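The block underneath contains the structure these notes are about, expressed in structure tokens.
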Amino acid sequence: MPLTLVTGPANAEKAGHVLAAYRAALSHEPLLVVPTFADVEHYRRELAASGAVFGVGVVRFGGLMGEVARRTGVGGRPLAPLARERLAVAAVGRARLSALAGSAATPGFAHALLRLVDELSERRIDPGRWWAAMRAWGEREPGRAAYAEELARLYGAYRDALRDIGRRDRAQHDLAALDALRLRPAAWRGTPVFVYGFDDLTPVQRDAIETLAVHAGARVTVSLTYEPGRAAFAGRGATFQELMALGPEHVELPARAEHYARPALHALERALFEDGEGERPDPGDALLLLEGGGERAELELVGAHVARLIARGGFAPEDVAIVLREPREHVALVRQVLTELEVPFAIDRVVPAGHTALGRGLVALLRCAVADGSADDLLAWLRTPGKLAEPALADRLEQRARREGAATAARARALWEEDHPDFVLHELDRVASAARDPIALCRRLAAEASALFAAPHRRRAPVLAGSEALDARVAGALRSALGELERLAVLDRGLAPAPRELVAVLEEVEVFVRDDPRPGVVAVTSPQALRARRVRAVFLCGLREGAFPRPGTPEPFLGDAERRELNAASGLGLRLREDRLDAERYLLYAAASRPTDVLALSWPAADDEGEPHVRSLFVDDVLDCFAPAAAERIERRALGAAGFPDALAPTANEAARGRLAGRAGAPEPPLAPLRDERVLEVLRARGTWSASALEAFASCPVKWFVERLLSPGVLEPDPEPMLRGELAHAVLEDALRALSAGGPLTPAHLDDARAHVRAALDRHADDARISPSAERRRAALRRLEVDLLRYVEHAAHAGSALAPTYFELRFGGPDDPLGAAELAGGELRLAGRIDRVDVGPGGEAIVYDYKGKGAPAQAKWLEEARLQIGLYLLALPHLLDLDAVGGLYQPLGRDDDGRPRGLLLDGADPGLASFGTDRVDAEAFDERLAEVLDAALAAVRGIRSGALAPNPGRCAYGGGCAHPTICRCEAAAS
Amino acid sequence: MTRELTPEQAEAIARRDGDLVLSATAGSGKTSVLVERFVRSVVDDGLRPDELLAITFTDKAAGELRGRVRSRLLELGERDAAREAEGAWITTFHGFCARVLRAHAVASGLDPAFAVLEPADARSARREAFEAALAAFLAEPRPTALDLAAAYGVDRLQRMVVGAHEALRSRG
């Protein structure tokens, strides 16, 4: 028998045995078959290091199958994955589903179907056998007959669709090659084959080994990590038995203690998952237990220890591996944490094209051109790196689109071309035009992908790195996908996705970013990928319930119970999926048995939101192998911890952060005052101050600094309450001005007042875009109409003898009709805008300021830093020849009590419905105004001095801090 | 189980006929009884751990329960059963339902790759659903619809609708 099976535990020198046999067979140009691209590189180098260069062939399993196909003359290319998926979608359409129709309409159905198809194909179950098995299964329980029939029909429809276009999928192609080799075994020409590093074998791989060894007579050597009877290898038992059934020469290699620098780790390899009756050594510092308060804290703790081993433990980066059950699920966090800690690392990742700048741009272009693209889509396309020579143009478009409520791509495009008439976005028209034909659309988009990729590099020949290298991969992947779809469309246009479907297809195109382990970097990898590597330290992370061991994923068409039933009845041999523990135990064993010096186990006690996690029982399985004291030595890092103690800090920054974090409870240093002399000079030179600015400063100096002095451009539409307020002012000005000739507002004027309010609202409704949403805008306008009608009703019955006379009275500004009011002997020159002044026959006047709901009583003006009305009362005699007898905040949005709040002189407008506590005698009246003036003067002095003490209690609308990123005192406010 | 069982606990563990409700104050050993009942079902009744279903309130509680079952089985020298208990159906209601749905996703009319929405995604989906419902509601030719939205304000109306939806959903 030319088959040799080499088994043994981890680190039993199986690789040495296999490679020695490989080198001995070099004259026959043998093939070494390994699982991954990284393994191919690794073993090529290892063989070259021992002098084996010529005649060396190291391939993945796909390469072996390609060689079988080539030698047996099985031609054609198997259908590529994306085209195959389209074919599955078409097959689902053909299958006339009813029982499965709901699920079949979902985006994940075709993928799931293809997984089932692969399983059936690999097990050589043809549609006829599947149909018979399904029918028999359905007949045993009539309630599932329709389900079974449709499931049978689906597989048949897929195979029919393949036949119709004259292509094979990967499994069919491989099996056709193996079948051809069985018919013509001499075609293999006796090339020896060595299979090393596979954790398990798929049915096709086992088929290939049998075909080569048994039928083609090739010398085949297979290495398998396996020891009979050990729980760690229970998941490999079936594969071992199947290979043994082929009658191989069996070489059993013993465990090797000398592999390990620390005997405790050898003891772990021998004892993991065993009965634990032997000695349980204390591992000392060969075992680290690390617990993070959150997922980030866990990785930070791991990163710090990795950095410590490299900096102070004599470990090279490549001696260390960080192992996660599914590294791809943690790529972003790993990259962020290890980069911050300055740990060099390598991690493979798969990025959906739609998550990259270039992919997002191309998809957005397509969506804008053929689907219901949004303004955000247009911006995403324009922001593809290099698309615009001046990226700020996109920012300006975004600002305009947001503030003007342009939500669709078409409206945003119109805004763009209005601003840039010489920069018409012709690409949109070209893609839209190509969309009429799937082949033309694929070609057009491939060209656009190329153009987007090339845009930043025009007239340059850069060596690509970082995000540019990623863009190159993305452009390549997209072009490849579009080429695949174009070829499919050539075979049958109906198989190509419609333009809207193409959006989703392109978004999900997978871009594989290889980052192979190499000298000088720490490998971040999976347990499976670690098996062929030599490492001194392994950090096995994410050991929590639900992550490692990973729960089984049921097959969505047929659960394990159904599969057992089918297997028993029809002998299909379908795989059971829901009990993965044996397989997961092997993965733990594979990772825990690798390191020679240090094994670190880490887990998060919670997620980063604080939701508790539970430590994996795999940690207990490891601890069962050691003395109980080992379990007590857990190092912890709290959720949200900052920095590290000096002894562990991987960088100077982290040490500094750690020292700062250690000063628990220390108050934040106060904000420094403005110090730039040029700014202070401007503030000192300013002569006129608006009442609202002074009120803002009195409320919170930082609020004034940000909103009044810095006054940044606003990206979002103004808040709805502000826009509602502006609209209310305009409507009331129009309506009350129209009535002003009639004297005070009384019930007799009410019908006219209502009519004027409605007419003014109609006139001004489009002036303010209260919300980009049409429905919210309608609701807000209706609400405003009700509020204003209720207010005029209240005003008409309020009993005032004064007539609304002046509206939106502006003073002190450069274009205002009235000059500034000079107060306090000229120390304060005041500007402002008074909403309304009502005047009586004797020249007595009341100032009104409109509010939504909150109208403060005069007793709270100073406490709440409400200065405006008081300042207007002081200013009025300077502006107009009037006697200011009251100032009131008029709530417009209250439906329970419409009376205004503020300050009224006793006896002023006696019929006016008001609050008794707001009416005061002349002395109190003057005293309150003097206090307001003092507060205003203090504000001016504060501004001029550059003072910036935050006042979070009254900064934001409704209380709290409006600018916590500057003040860092949000917590204090609450 | 290291501490002495009370007669009530012992009866709750031993009884096999019919359903059983165990009611007691906090800290009185309900979980210990549950653990022992689980373990006895394996050791005395010959059931495999994956033939039992235990449901508790949170993932953390489920994990702790699993750990206690494993420890107790190890204590009794049942190493194989302890290993199997690592994959036992000790879970939450959400976890149990998700597992059942995953095994029958197609028959249930679900996307085979369905995922439970993260809270942020759920909020976003709720917001989109509400905006769509609001548009449909206001498109109807009846002035009371607009008055309702105006009276409560759209944001408050959204909170009320979402609250009602959650209350109804939790009642099935």
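So you know, we letter chains A, B, ... as the sequences are listed, proteins then strands, and number each from 1. Keep in mind the model is a prediction, meaning the values are calculated, not measured.
- With a 4.5 Å cut-off on non-hydrogen atoms, B:Phe114 does not touch chain A at all.
- Using a 4.5 Å cut-off between heavy atoms, B:Leu101 makes no contact with chain A at all.
- If you look at A:Phe618 and A:Tyr589, their ring centroids are not closer than 6.0 Å.
- Checking side-chain atoms of A:Arg778 against main-chain N and O of B:Leu138 turns up a donor-acceptor pair under 3.5 Å.
- Looking at A:Arg563, its side chain never comes within 3.5 Å of a backbone N or O of A:Leu574 through a donor-acceptor pair.
- Using a 4.5 Å cut-off between heavy atoms, B:Leu146 contacts chain A through both its backbone and its side chain.
- Only the side chain of A:Tyr147 comes within contact range of chain B, with heavy atoms under 4.5 Å apart.
- Looking at A:Arg115 and A:Glu119, no side-chain N of the basic residue comes within less than 4.0 Å of a carboxylate O on the acidic one, giving no salt bridge.
- Looking at A:Leu617, the atoms closer than 4.5 Å to chain B (heavy atoms on both sides) sit in the backbone and in the side chain alike.
- Ranking A:Pro107, A:Ala780, A:Ser773 against chain B, the residue ahead of the rest is A:Pro107, based on heavy-atom pairs under 4.5 Å.
- At a 4.5 Å heavy-atom cutoff, the contact between A:Glu545 and chain B is made by side-chain atoms alone.
- In terms of heavy-atom pairs under 4.5 angstrom with chain A, the leader among B:Leu74, B:Asp50, B:Asp147 is B:Asp147.
- Between A:Asp624 and B:Arg70 there is a salt bridge, since at least one side-chain N of the basic residue sits less than 4.0 Å from a carboxylate O of the acidic one.
- Of all the listed residues (A:Glu609, A:Glu611, A:Arg585), the one sharing the greatest number of non-hydrogen pairs under 4.5 Å with chain B is A:Arg585.
- At a 4.5 Å heavy-atom cutoff, the contact between B:Ala151 and chain A is made by backbone atoms alone.
- Heavy atoms of A:Glu562 lying under 4.5 Å from chain B belong exclusively to its side chain.
- Checked for salt-bridge contact, A:Glu785 and A:Arg758 meet the test: a charged N lies under 4.0 Å from a carboxylate O.
- Ion pair A:Asp607/A:Arg544 not flagged as a salt bridge, since none of the NZ, NE, NH1 or NH2 atoms sits closer than 4.0 Å to an Asp/Glu carboxylate oxygen.
- Neither the backbone nor the side chain of A:Asp582 comes within less than 4.5 Å of any heavy atom of chain B.
- A salt bridge links B:Asp80 and B:Arg83; the closest N-O separation between the charged side-chain nitrogens and carboxylate oxygens is under 4.0 Å.
- Using a 4.0 Å cut-off between a side-chain N of Lys or Arg and a carboxylate O of Asp or Glu, A:Glu584 and A:Arg325 qualify as a salt bridge.
- Of the charged side-chain nitrogens involved, at least one lies within less than 4.0 Å of a carboxylate oxygen, so that A:Arg776 and B:Glu131 count as a salt-bridged pair.
- Of the atoms belonging to A:Asp560, not a single heavy atom falls under 4.5 Å from chain B.
- Note on B:Asp155, B:Leu148, B:Val106: by heavy-atom pairs under 4.5 Å with chain A, the leading option is B:Val106.
- For A:Pro551, no part sits under 4.5 Å from any heavy atom of chain B, backbone or side chain.
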